[in-house]
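A short worksheet on the structure shown next.
Just so it is clear, the values below take in all heavy atoms, side chains as well, and ignore hydrogens, waters and symmetry mates. These numbers were taken from a predicted model, which means no experiment stands behind them.
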Amino acid sequence: MNHKHLSKFLSLILRHKPEVVGITLDENGWADVQELLDKIKQSGKEINFEQLQEIVANNDKKRFTFDETRQKIRANQGHSIAVKLNLGAIQPPDILYHGTAKKYVPSIMEKGLLKGKRQHVHLSGDRETAIKVGRRHGKPKVLIVHAAKMAEEGHVFYQSKNMVWLTDHVPPNYIEEASPS
Ligand code: HQG
């Protein structure tokens with residue numbers, strides 16, 4: 001498998017369905033590296049430790065991290081299964097961005113941003129990243145989130161190791177439609 005396919009397969013295993021290769025994650029989302037490699041091979045796909053290291057180091061979004069011993073690996077964010085990432089609450093900047101598809105905007109302006117199947121709502125620190133995230137769903141639309149105001153009013157923010165901003169829910173009153181750039 002090439003880098004992109006392996007990265008997608010690892011996302012599936014480490015964020016959503018470890019059972020596809022018959023492993024389990026611990027409560028903090030860590031998988032045993034040797035077991036992961038063995039079970040991926042048993043599932044019929046080619047992977048070795050060097051490729052895994054390459055993905056951890058060079059993946060475009062730094063989606064995965066080893067522990068200090070390199071015996072464990074986990075996804076930095078994006079989980080649908082319940083894992084405790086033990087991220088500390090952190091003060092967000094004034095404004096964060098959410099990239100979505102145009103077709104979702106009416107529903108978002110009504111209900112706010114919902115985390116859906118994931119553990120958090122995902123926000124980006126810059127508009128360019130938000131456009132890329134939105135494009136995954138259709139014609140991209142960038143929404144401005146008044147994050148500092150949210151924090152002031154009691155909403156908690158986290159930042160994943162790969163710099164994605166996370167929160168539980170963004171009510172509509174903190175969301176503004178960005179003018180097309
Ligand atoms: C939308 C990628 C209707 C939301 C990215 C999004 C990210 C609503 C979709 C990470 C809604 C969920 C997550 C509402 C939210 N009504 N639609 N009330 N509230 N939505 O994929 O944020 O490449 O679960 O706007 O970079 O797109 O996988 O979330 O369009 O960080 O590493 O519902 O995934 O990272 O879609 O993406 P997703 P997301 P990776």
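- Note that the OG1 atom of T65 and the NZ atom of K161 stand 4.0 Å from one another [nearest 0.5 Å].
- With D67 contributing its side chain and Q71 its backbone, the two residues share a donor-acceptor pair below 3.5 Å.
- Among all heavy-atom pairs drawn from L96 and G125, the shortest one is CD2-CA, 3.9 Å.
- Not one N or O on the side chain of K41 forms a donor-acceptor pair closer than 3.5 Å with the backbone of E46.
- To the nearest 0.5 Å, the span separating OH on Y104 from NZ on K141 amounts to 16.0 Å.
- Interatomic distance, NE2 of H122 versus NZ of K115, reported as 10.5 Å (0.5 Å rounding).
- For F64 against V56, the heavy-atom pair with the smallest separation is O-CG1, 3.6 Å.
- Residue L123 is tested with L113, V164, L166 for a side chain to side chain contact (heavy atoms under 4.5 Å, CB included); the sole match is L113.
- Side-chain atoms of I95 and V145, non-hydrogen and from C-beta on, never get closer than 4.5 Å to each other.
- Annotation: the span from R74 atom CZ to D26 atom CG amounts to 8.5 Å, rounded to 0.5 Å.
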Inset, instruction - Could you check H146 against E176 for side chain to side chain donor-acceptor pair (under 3.5 Å), going step by step and ending with a plain yes or no? - result: CA-CA 8 Å; H146 291 280; E176 195 183 323; 2.7 Å; yes
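- L6 and V21 fall within a single hydrophobic cluster, where Ile, Leu, Val, Met, Phe, Trp and Tyr are joined by side-chain heavy atoms under 4.5 Å apart, directly or via other members.
- Scanning all heavy atoms of the two residues, the minimum distance from R63 to D60 falls at NH1-OD1, 2.8 Å.
- Taking each heavy atom of H98 and A130 in turn, the nearest pair found is C-CB, 4.0 Å.
- When the side chains of ILVMFWY residues are joined at heavy-atom separations under 4.5 Å, either directly or via intervening members, I144 and F157 end up in two distinct hydrophobic clusters.
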Legend entry - Trace of the side chain to side chain donor-acceptor pair (under 3.5 Å) decision for Q42 with D38: CA-CA 6 Å; Q42 284 168 24; D38 290 345; 5.8 Å; no
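- Between the side chain of S11 and the backbone N or O of S7 there is at least one donor-acceptor pair closer than 3.5 Å.
- Placement of L12 and L36 within a single hydrophobic cluster is found when ILVMFWY residues are connected by side-chain heavy-atom separations under 4.5 Å, directly or transitively.
- Using cut-offs of 30° and 60° for the angle between ring planes, the H155 and Y174 rings count as perpendicular.
- When atom types are taken as modelled, the side chain of H169 and the backbone of K111 share a donor-acceptor pair closer than 3.5 angstrom.
- Using a 4.5 Å heavy-atom cutoff, the side chains of I131 and P140 are in contact.
- Side chains of W165 and P92 form a contact here, defined as non-hydrogen atoms less than 4.5 Å apart.
- Side chain of N28 to main chain of K84: a donor-acceptor pair is present (N/O by atom type, distance under 3.5 Å, no hydrogens or angles).
- Hydrophobic clustering (ILVMFWY, side-chain heavy atoms < 4.5 Å, transitive): V105 and V133 are in distinct clusters.
- Checked by atom type and distance alone, the side chain of N162 pairs as donor or acceptor with a backbone atom of K61 at under 3.5 Å.
- The side-chain heavy atoms of H3 and I55, taken from C-beta on, include a pair separated by under 4.5 Å.
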Legend entry - Worked check of side chain to side chain contact (heavy atoms under 4.5 Å, CB included) between K72 and F66: CA-CA 6 Å; K72 291 182 189 178; F66 286 122; over 6 Å; no
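- Here the side chain of K117 pairs no donor or acceptor atom with the backbone of H16 at under 3.5 angstrom.
- Atom-to-atom distance recorded for K102:NZ and K139:NZ is 4.0 Å, nearest 0.5 angstrom.
- Contact of the F9 side chain with the I47 side chain is not registered, since no non-hydrogen atoms from C-beta on lie closer than 4.5 Å.
- Between P18 and I81 there is a side-chain heavy-atom pair separated by less than 4.5 Å.
- Inter-residue side-chain proximity for M109 and I175 is flagged as met; some heavy-atom pair is nearer than 4.5 Å.
- Taken from CG in N48 to CD in Q53, the straight-line distance is 9.0 Å, to the nearest 0.5 Å.
- Using a 4.5 Å cut-off between side-chain heavy atoms of Ile, Leu, Val, Met, Phe, Trp and Tyr, with links allowed through other members, I90 and L85 fall into different hydrophobic clusters.
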Inset, instruction - Carefully, step by step, assess L114 and V170 under the rule side chain to side chain contact (heavy atoms under 4.5 Å, CB included). - result: CA-CA 7 Å; L114 304 173; V170 182; over 6 Å; no
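- Of all non-hydrogen atoms in A31 and L14, the two that sit nearest each other are CB-CD2, 3.7 Å.
- Q119 places none of its side-chain heavy atoms less than 4.5 Å from the side chain of Q77.
- In terms of heavy atoms, G22 sits closest to K39 at O-NZ, 3.2 Å.
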Inset, instruction - Evaluate salt bridge (Lys or Arg N to Asp or Glu O under 4.0 Å) for E128 paired with K132, printing each intermediate quantity in order. - result: CA-CA 7 Å; E128 291 67 37; K132 284 190 204 147; over 6 Å; no
Inset, instruction - I would like to know whether N59 and L10 meet side chain to side chain contact (heavy atoms under 4.5 Å, CB included); could you show each step before the answer? - result: CA-CA 11 Å; N59 181 256; L10 283 174; over 6 Å; no
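- When atom types are taken as modelled, the side chain of T167 and the backbone of V156 share a donor-acceptor pair closer than 3.5 angstrom.
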